[in-house]
2 protein chains.
Amino acid sequence: MAAEEQREYDPHDYPPVAATVDIVALTIRGDVPHVLLVRRGEAPYRNSWALPGGFVRPDEDLATAALRELSEETHLTVAPHLEQLGTYGTPDRDPRMRVISVAHLAIAAGLPEPKSGSDAADAQWVPLSRLGFGDGAETLPLAFDHAVILADAVERARAKLEYTPIATSFLPPEFTIAQLRAIYESLWNEPLHAANFHRKVRSVSGFVIDTGHIAPSGRDKGGRRARLYRAGEATLLHPALLRPSITSTTA
Amino acid sequence: MAAEEQREYDPHDYPPVAATVDIVALTIRGDVPHVLLVRRGEAPYRNSWALPGGFVRPDEDLATAALRELSEETHLTVAPHLEQLGTYGTPDRDPRMRVISVAHLAIAAGLPEPKSGSDAADAQWVPLSRLGFGDGAETLPLAFDHAVILADAVERARAKLEYTPIATSFLPPEFTIAQLRAIYESLWNEPLHAANFHRKVRSVSGFVIDTGHIAPSGRDKGGRRARLYRAGEATLLHPALLRPSITSTTA
DNA sequence: CCAATAGTGTCTGTAAGACAATATTGG
DNA sequence: CCAATATTGTCTTACAGACACTATTGG
């Protein structure tokens with residue numbers, strides 16, 4: 001900020017601004033993507049579902065605040081992927097006061113049940129399909145502008161599947177190519193060609209590394225047992241795995 | 001934010017938080033990229049260069065605040081491309097108080113001289129090369145964490161050249177393919193194959209549209225006169241124009 | 001053996017990078 | 001005509017998508 005502004009617009013001249021973080025935590029359970037939501041116990045939007053979040057404490061980093069709020073709602077076994085999504089500060093987004101919220105996207109492998117009995121009366125994993133993403137027709141209403149934040153988060157995640165290895169963040173340390181493909185398919189909401197996906201993933205250097213292990217005997221049905229891989233060192237996929245739907249002409 | 005938090009952590013329990021916007025305004029002048037900087041007239045970082053910015057006013061949107069601050073420093077003829085870059089809120093980034101700054105990236109065609117005599121004692125277009133981007137060895141120090149913000153902005157712009165048509169935001173309404181190529185070359189800091197660039201740009205649907213006009217007689221030297229194009233409707237380039245340097249193996 | 005899943009081989013169309021060749025224009 | 005810039009042609013290589021085929025494994 002320019003110091004010159006400081007002279008004209010002293011912060012104390014302004015009504016208080018609250019800084020909060022909101023977290024869009026995504027995980028995959030039973031092959032379908034879920035988001036962590038809490039049920040609000042107070043007005044406004046009492047009884048509506050909302051994204052977990054809260055005030056940024058003094059001397060606390062934004063990412064730290066997001067991680068703290070997230071761990072207050074769910075048991076974290078491993079450090080999730082966490083990135084800043086964007087900041088939402090429309091003047092009237094919260095009817096009580098000016099609230100500027102820094103939204104974060106968190107991704108983790110099959111997180112266990114949310115903590116209940118925490119401050120959040122009710123924290124739950126909700127399938128994205130019940131929020132307008134994917135098949136489901138119904139769309140659960142969300143508090144504040146959280147529907148917009150969620151939409152931005154989902155689009156961010158979908159886009160980053162293309163050129164980063166975040167898909168592996170949804171999975172345990174060792175996984176099969178088929179599991180990885182399931183992540184892509186459920187988030188993009190379209191089937192992928194298994195054989196080509198397999199070859200492509202293995203050809204992107206640094207995406208997955210063969211552990212030499214073999215997956216345990218699948219389910220009831222037969223089928224060859226798959227090799228197990230772990231995430232590689234790459235932070236950018238090259239070449240990218242483009243979404244089939246986007247491959248069609250843009251204009 | 002979850003209402004439940006509100007109960008435990010009332011905003012009034014906290015020391016004040018200031019919300020500001022900072023703007024990284026980029027433009028091309030004489031074929032080299034420049035960023036708009038202001039010289040600070042007050043402590044801290046008195047006399048250092050800093051990004052333009054200032055407090056978000058009540059009832060003002062974040063983007064509106066960014067646009068206002070930008071237009072206070074430079075004459076805007078057309079609406080620039082403006083996007084949110086990220087939010088910087090490390091507790092001690094401003095020694096005076098807790099300041100959370102929402103950084104924006106602005107891009108516009110050859111902006112004229114900055115306003116002088118405005119609050120900013122001294123607003124100036126500074127070549128990116130003097131800030132550690134490109135050839136120049138010297139690196140001008142910036143106030144606060146503005147060097148980090150600038151680095152993030154430059155990387156964002158470089159990346160978006162690949163898959164969005166933002167390059168056209170640096171140019172006047174009608175431009176030649178060579179001018180467009182100059183934007184890419186100066187920002188990526190590497191030469192591109194003119195013939196292939198020409199064909200590629202024209203093959204991406206919705207990127208540029210032939211106006212039928214012919215550019216005026218170039219400079220002193222000879223050379224065929226180029227066709228003039230205007231920006232198309234596409235918001236995403238397909239296929240993308242990948243940076244040659246990244247084409248090499250990732251891992 | 002049959003069904004189901006994993007993984008490999010091949011072929012075709014698209015697109016990128018290299019290089020050559022043609023089209024214009026100022027001097 | 002010469003130098004310089006714009007634009008088009010071709011060729012080679014990489015890679016995505018389609019499809020056929022081989023490899024395993026449970027029942």
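Quick note on labels: first sequence line is chain A, next is B, and so on, each numbered from 1.
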>> Measure CZ/R224(B) against C1'/dT5(D) and give the value in whole Å, please.
In response: 9 Å
> Between dT7(D), dG7(C), dA15(C), which nucleotide gets closest to the side-chain atoms of P239(B)?
Replying inline: dA15(C)
> For the helix from dC1(C)-dG27(D) to dG27(C)-dC1(D), how many degrees between its two end axes (five pairs per end), to the nearest 10°?
Replying inline: 0°
>> Tell me the interatomic distance from R181(A), atom CZ, to dA6(C), atom P, rounded to whole angstroms.
In response: 6 Å
> Rounded to whole angstroms, how far apart are NE2 on H238(A) and C1' on dA16(D)?
Replying inline: 15 Å
>> In whole Å, I'd like the distance from the CG atom of L242(B) to the C1' atom of dC15(D).
In response: 12 Å
> Yes or no on side-chain contact (heavy atoms from CB on, under 4.5 Å) for R202(B) and F207(B), after CA distance, side-chain angles and deciding distance?
Replying inline: CA-CA 7 Å; R202(B) 294 200 39 169; F207(B) 190 4; over 6 Å; no
> Which sits closer to the 5' end of DNA chain D, L241(A) or R227(B), going by the nucleotide each is nearest to?
Replying inline: R227(B)
>> Using whole Å, what does the distance between atom P of nucleotide dC15(D) and atom CZ of F207(A) come to?
In response: 16 Å
>> For V102(B), is there any backbone N or O sitting under 3.5 Å from a side-chain donor or acceptor partner on T87(A)?
In response: no
> Does the ring centre of F197(B) sit less than 6.0 Å away from the ring centre of Y184(B)?
Replying inline: yes
> Is there a side-chain contact between R181(B) and H198(B) (heavy atoms, below 4.5 Å)?
Replying inline: no
>> Which is more 5' along DNA chain D, the nucleotide nearest Y229(B) or the one nearest G223(B)? Just name the residue.
In response: G223(B)
>> Whole angstroms only, please: what is the CD-P distance between E162(A) and dA16(D)?
In response: 12 Å
> So H213(A) and E174(A), side-chain hydrogen bond (donor to acceptor under 3.5 Å, both in side chains) or not? Walk me through it.
Replying inline: CA-CA 9 Å; H213(A) 305 162; E174(A) 298 204 345; 3.0 Å; yes
>> Side chain of R225(A), heavy atoms from C-beta onward: which of dA23(C), dC15(D), dT25(D) has the nearest atom to it?
In response: dT25(D)
> How long is the gap from CD on Q84(A) to CZ on R156(A), to the nearest 0.5 Å?
Replying inline: 8.5 Å
>> Under 4.0 Å, heavy atom to any atom of DNA chain C: which of residues 192-203 of chain A qualify?
In response: A195(A), H198(A), R199(A)
>> What I want to find out is whether R243(B) reaches E185(B) closely enough, with some N-O distance under 4.0 Å, to be called a salt bridge.
In response: no
> Under a 4.5 Å cut-off applied to non-hydrogen side-chain atoms, are V32(A) and S186(A) in contact?
Replying inline: no
> Taking atom C1' of dT7(D) as reference, at what distance in whole Å does atom CD1 of I214(B) sit?
Replying inline: 11 Å
> Between E162(A) and K200(A), is there a side-chain N and carboxylate O pair less than 4.0 Å apart?
Replying inline: no
>> If you only use heavy atoms from C-beta on, which nucleotide in dT24(C), dT8(D), dA6(C) is closest to the side chain of A178(A)?
In response: dA6(C)
> Roughly, in whole Å, what's the span from CD in Q179(B) to C1' in dA6(D)?
Replying inline: 13 Å
